[in-house]
Amino acid sequence: MANVEITAGAGVACPLMGLIVNPIAGMGGSVGLKGTDGAAILQAALHRGARPIAGSKAAKALRRAVMACPALRVLTVRGGMGEDAVRSAGLAPALLPFPGGAASSSADTRAAAAAMLDHGIELLLFVGGDGTARDVLAAVGDRVPLLGVPAGVKMHSAVFGTSPGNAGLLAALHLSGAPGVSLRDAEIMDLDEAAMRQDRVSARLFGYAKSPHARRLAQNAKAGAGPGEDATLDAIARQIAVGMRPDRLYILGPGTTTRRVSNALGLPSTLLGVDAVLNGALVGQDLDEQTLLRLMARRASHLIVGVLGGQGSVFGRGNQQISAEVIRQVGRDRITVIASTEKLIALGNAPLRVDTGDDEVDALLTGHIRVEIGPGRSTRLRLTA
């Protein structure tokens, strides 16, 4: 392999960190495609107006990392696979002699990850979703710790930081040997995107990665519902259905919890998509961001969402169709969050999470929010970015 082009600045050096950005990660989210695996799906996402988001999330992670480790050294790939984000964060990268463009394939990610092992990296930070995590794991195995910056549509794996900023902070703390950071075996999961588009959930464990861990900085793997939750959640759903106001658009987020509201109304629903109800009738199914905004035009709207088990995510994990702009137009006071007591207890003392990709909307949502936990019963929990 050719020598790496080193252009890093002066200062006390941190250990070398590898960075790989999947430039197309997350582009299928807001347009309702549930992922961006494969060239055909990418083209469909672009046709629907999808915009790249991974680079900005990578830069956010790096800026937070530099605050904790000012002399951070980063080995990355040219262009959109890393260099652009590193320079945006004010760093001078070390560059692999490996082409990187605005789009990349699974093979590109694997090749770049394998190449980095020859240069003594002590952590590989990748930016993407569960599919990117699979590719990186396949290339490096347990030879170097992995940490993910959440930027995809599907992020059920435990290898991700709880937000881009927290992933960057955790990376810097690990590299600097800070107390309170350990290495754990983190599950790497992925859902079959083709099955998701047919409204079926097909999850698979692909392996375990050595990954830095610190409380509230690293997320857990997604957890399913526990026993005994069904009756309570059904009762909450019936109460919400009865209380729906005339001429108000109700947007139902993905998942089994919100599907119960559709069931209570006697309506069909999309398990992994976003639906809309008006005056007791289904007016949109498996909607993308732009369709939601059109339905919302000049009409009072209300969001009904669940909590992602094991992670506590409310926005930004698998429901990117409910974008920052959708949330901004709905308003914080017209958001209903539903969760079982068991699911909330399983989170421990961790707060609920939001990661819309928009700092202003994340700040709008931050604070205590009411969560419906039973018919006539609610609690208030902290929501944070």
Side-chain angles (χ1 to χ4, degrees), residues 12-22 57-58 61-62 64-76 82 94 109-110 112-152 155-190 204-223 310-313 317 346-350 353:
V12 178
C14 292
L16 184 65
M17 180 180 80
L19 172 72
I20 296 175
V21 177
N22 177 356
K57 295 200 172 190
L62 290 169
R64 187 66 184 88
V66 170
M67 291 174 65
C69 188
L72 180 69
R73 298 186 300 142
V74 182
L75 171 65
T76 190
T109 298
R110 295 184 186 210
M116 287 183 179
L117 292 178
D118 297 333
H119 297 285
I121 61 170
E122 297 198 19
L123 174 70
L124 203 169
L125 186 72
F126 66 90
V127 185
D130 286 330
T132 309
R134 284 175 51 188
D135 292 333
V136 172
L137 179 68
V140 305
D142 61 0
R143 288 171 286 178
V144 66
L146 306 180
L147 179 61
V149 175
M155 287 160 291
H156 296 325
S157 303
V159 75
F160 291 99
T162 52
S163 69
N166 284 345
L169 174 59
L170 182 55
L173 294 176
H174 168 75
L175 290 169
S176 59
V181 179
S182 60
L183 280 178
R184 65 172 176 176
D185 291 323
E187 303 98 322
I188 290 186
M189 308 285 296
D190 201 7
R204 178 182 171 190
L205 173 66
F206 281 86
Y208 293 87
K210 294 292 183 185
S211 187
H213 178 263
R215 272 187 86 237
R216 301 193 180 182
L217 297 182
Q219 76 176 28
N220 296 318
K222 183 182 183 298
Q311 298 178 8
S313 175
R317 296 289 188 277
L347 296 174
N349 293 320
R353 295 279 176 185

Side chains of Gln311 and Arg353 in contact at under 4.5 Å (non-hydrogen atoms): no

Side-chain heavy atoms of Tyr208 within contact of Val159, under 4.5 Å: no

Heavy-atom check, side chain of Asn22 versus side chain of Val127, under 4.5 Å: no

From CA spacing to verdict: side-chain contact (heavy atoms from CB on, under 4.5 Å), Thr109, Val136: CA-CA 7 Å; Thr109 298; Val136 172; 3.8 Å; yes

Shortest non-hydrogen contact between Ala167 and Val149, atoms and distance: CB-CG2, 3.9 Å

Nearest heavy-atom neighbours spanning Ala58 and Val21: CB-CG2, 3.8 Å

Carboxylate-amine/guanidinium proximity below 4.0 Å for Asp135 and Arg110: yes

Gap separating the OG1 atom of Thr162 from the CE atom of Met155, nearest 0.5 angstrom: 12.0 Å

Value rounded to 0.5 Å, distance of CG in Leu123 from CG in Leu170: 8.0 Å

Nearest-0.5 Å distance that lies between atom CG in Asp142 and atom NZ in Lys210: 7.0 Å

Where Asp130 and His156 come nearest, the two heavy atoms and their spacing: OD2-N, 2.7 Å

Minimum side-chain heavy-atom gap Arg73-Glu122 below 4.5 Å: no

Which atom of Ala65 lies closest to which atom of Leu72, heavy atoms considered: CB-CD2, 3.9 Å

From OG (Ser157) to CG (Asn220), nearest 0.5 Å: 12.0 Å

Working for side-chain contact (heavy atoms from CB on, under 4.5 Å), residues Val181 and His213: CA-CA 6 Å; Val181 179; His213 178 263; over 6 Å; no

Heavy-atom side-chain proximity of Pro212 to Ser182 below 4.5 angstrom: no

Leu75 vs Leu19, side-chain contact (heavy atoms from CB on, under 4.5 Å): CA-CA, chis, key distance, verdict: CA-CA 6 Å; Leu75 171 65; Leu19 172 72; over 6 Å; no

Test item: Ile121 and Met17 side chains (from C-beta on) under 4.5 Å apart, heavy atoms: no

Side-chain heavy-atom pair Leu183, His174 within 4.5 angstrom cut-off: yes

Non-hydrogen atoms of Phe126 and Ala133 that approach each other most closely: CZ-CB, 3.6 Å

Contact summary for Leu146 and Ser211, nearest pair of heavy atoms: O-OG, 2.7 Å

Heavy-atom check, side chain of Met189 versus side chain of Phe206, under 4.5 Å: no

From Leu217 atom CG to Gln219 atom CD, the distance as rounded to the nearest 0.5 Å: 12.0 Å

side-chain contact (heavy atoms from CB on, under 4.5 Å) between Ile20 and Met116, worked out: CA-CA 10 Å; Ile20 296 175; Met116 287 183 179; 3.7 Å; yes

Spacing of Leu124 atom CG and Arg143 atom CZ [to the nearest 0.5 Å]: 11.0 Å

